[in-house]
Amino acid sequence: MNKFCFVIHPLSFEDIARYEPGAKGKGEPILRKIMEWMPSYAAVHVTGVRTPDGRETEGWFVAAPLLPQQLMDFPREEVYARVLRAIEIGVELGAQVAGLGAFTGVVGDAGVTINARSPIPVTTGNSLTIASGVESLFRGAAEMDVDLATSTATVIGATGSIGSACAALIAPKVNELILVARNETRLRKLHERMAPGLPCRSEYTTDLDAAVRRAQVILTATSSTQDVIEPEHLQTGAVVCELSLPHDVSRRVAEHRPDVLVVEGGNMRVPGTPRFERVREPGSDFDLNLPPGTALACMSETMVLALEGRLEPYTLGRGIALEKVVEITEMAHRCGFELADMRAFDAAITPEKLAATRDAAHHRRCDSARAVVASGHVALTNSQVNRSGDTPARQPRQL
Ligand SMILES: NC(=O)c1ccc[n+]([C@@H]2O[C@H](COP(=O)([O-])OP(=O)(O)OC[C@H]3O[C@@H](n4cnc5c(N)ncnc54)[C@H](OP(=O)(O)O)[C@@H]3O)[C@@H](O)[C@H]2O)c1
């Protein structure tokens with residue numbers, strides 16, 4: 001049996017209390033200080049991962065306990081040293097392949113240097129994250145009756161490792177693609193490279209709010225540590241697939257936009273009877289803040305590589321080959337990994353919740369149509385509703 005390790009880190013102060021229940025009630029400045037000197041440690045023992053044809057893997061989540069902002073602000077070499085120490089702990093426990101969770105795969109050159117210095121092959125897990133994110137976006141669009149073929153898609157974090165590949169995979173399904181990030185030069189260069197091969201209209205912008213306003217479908221994969229999508233900018237009935245960790249979509253969207261479907265795109269159902277047990281308290285489960293039996297797509301990619309015996313640096317750097325995304329998807333399916341049920345804002349999206357979201361979008365469209373009629377200027381047609389910024393409803397399509 002091949003074994004894996006996966007480097008995790010807390011995304012927020014709530015996460016710290018989940019990792020270490022003893023941290024509850026301690027002030028944020030103290031926790032931040034403790035983490036500055038806290039060494040990496042084995043946090044979770046993963047067992048019970050079993051493919052339908054009986055292959056198994058076992059592994060460890062090793063914590064490099066720094067918050068996202070600390071991972072971005074600390075001297076690069078110090079961050080690499082912490083992540084490499086976490087991988088060494090995994091190796092001491094028997095791991096033969098390592099994955100980089102969340103910001104440990106974002107810092108610096110997205111895993112390239114860490115892999116070069118690591119005793120075992122390293123992956124960021126981004127190939128399967130890309131595949132699951134795009135599949136989640138399309139599933140959400142189908143559920144919300146969005147006609148992708150006539151839609152505008154916005155990809156935020158488009159120059160990133162995940163965003164650029166997602167943009168390339170979304171383009172063939174939509175009418176128009178808008179690429180968004182902060183650095184205009186990098187965006188322009190990406191657009192110059194991509195545009196000639198794209199089967200849809202495309203443009204780029206650093207004006208995030210405007211790009212969100214124009215889109216019926218949005219995928220967000222930024223390295224921002226702050227919210228980037230606010231409720232005021234979203235179209236009626238829009239679908240947002242959230243891959244960023246920590247999340248990009250403001251919690252205010254859950255509260256103020258019942259007509260918008262937000263889905264976490266990077267969650268997978270793990271085959272077998274997976275168990276995530278605390279190393280320090282054997283017998284007690286580690287709270288991943290995910291439904292039982294599921295894991296993030298980047299964790300899943302690392303497990304798939306172990307199960308398939310592909311002990312190699314599978315995904316590294318920015319500019320991921322789409323062939324890798326296709327191949328890891330096939331390997332994951334063969335191993336029995338599937339997209340997890342829809343979820344957002346720490347809760348399941350039940351069929352009732354979905355129906356309520358569709359209804360809220362329908363009522364909001366009717367209200368804005370009535371407002372147009374009441375203004376007395378125009379006779380109402382479907383196309384005018386569309387031009388006013390809303391999406392016409394459609395029967396679900398097979399994707
Ligand atoms: N769900 C999962 O399983 C999973 C797996 C792996 C990674 N992730 C998460 O996915 C996200 C992206 O990872 P990555 O490896 O693709 O990172 P990356 O290569 O560093 O790319 C980040 C992208 O975000 C853009 N960006 C950063 N801050 C922004 C802001 N405030 N507004 C707009 N764009 C912004 C960057 O461009 P500019 O700097 O020019 O703005 C860049 O295009 C991270 O949050 C990571 O933790 C999730």
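Quick note: numbers below take in every heavy atom, side chains included, and nothing from hydrogens, waters or symmetry partners. We count residues from 1, following the sequence as given.
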[X]-[Y] side chain donor-acceptor pair, cut-off 3.5 Å:
| X | Y | result |
| --- | --- | --- |
| Thr150 | Asp147 | yes |
| Thr104 | His9 | no |
| Thr123 | Glu301 | yes |

Minimum heavy-atom distance [X]-[Y], with the two atoms named:
| X | Y | value |
| --- | --- | --- |
| Ala297 | Met268 | CA-CG, 3.7 Å |
| Leu148 | Ala141 | CD2-CB, 3.9 Å |
| Ile87 | Pro119 | CG2-CD, 4.4 Å |

* Does Glu203 pair with Arg188 as a salt bridge, N-O distance under 4.0 Å? ->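 Not counted as a salt bridge, because no side-chain N and carboxylate O are separated by less than 4.0 Å.
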
* Asked: Charged N to carboxylate O below 4.0 Å: is that the case for Arg275 and Asp285?
  ->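 Looking at Arg275 and Asp285, the cut-off is met.
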
* Asked: Do Thr47 and Pro274 come within less than 4.5 Å of each other through their side chains, counting heavy atoms only?
  ->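 Counting from C-beta outward, Thr47 and Pro274 never come under 4.5 Å.
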
* To do: Could you check if a side-chain atom of Tyr314 sits within less than 4.5 angstrom of a side-chain atom of Glu327, using non-hydrogen atoms only?
  =>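 Answer yes - side chains close enough.
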
* To do: Take Phe276 and Phe286 through the test ring pair (Phe, Tyr, Trp, His ring centres under 6.0 Å) and record every step on the way to the result.
  => CA-CA 6 Å; Phe276 304 97; Phe286 184 85; 8.5 Å; no

* To do: Show your reasoning for whether side chain to side chain donor-acceptor pair (under 3.5 Å) applies to Asn175 and Ser151.
  => CA-CA 5 Å; Asn175 180 48; Ser151 71; over 6 Å; no

* Among Leu137, Thr220, Ile130, Val325, which one satisfies side chain to side chain contact (heavy atoms under 4.5 Å, CB included) with Cys166? ->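 Testing each of Leu137, Thr220, Ile130, Val325 against Cys166, the sole residue satisfying side chain to side chain contact (heavy atoms under 4.5 Å, CB included) is Ile130.
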
* Using the six-membered ring of Tyr41, assess whether NZ or CZ of Arg280 lies under 6.0 Å from its centre and within 45 degrees of the ring axis. =>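 Yes, a cation-pi geometry holds between Arg280 and Tyr41.
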
Contacts table for residues 254-262: side-chain donor-acceptor under 3.5 angstrom, sequence neighbours left out:
{"from": "Arg257", "atom 1": "NE", "to": "Asp259", "atom 2": "OD1", "distance (Å)": "3.0"}
{"from": "Arg257", "atom 1": "NH1", "to": "Pro231", "atom 2": "O", "distance (Å)": "2.8"}
{"from": "Arg257", "atom 1": "NH1", "to": "Leu234", "atom 2": "O", "distance (Å)": "2.7"}
{"from": "Arg257", "atom 1": "NH2", "to": "Leu234", "atom 2": "O", "distance (Å)": "3.1"}
{"from": "Arg257", "atom 1": "NH2", "to": "Gln235", "atom 2": "O", "distance (Å)": "3.3"}
{"from": "Arg257", "atom 1": "NH2", "to": "Asp259", "atom 2": "OD2", "distance (Å)": "2.8"}
{"from": "Asp259", "atom 1": "OD2", "to": "Gly237", "atom 2": "N", "distance (Å)": "3.3"}

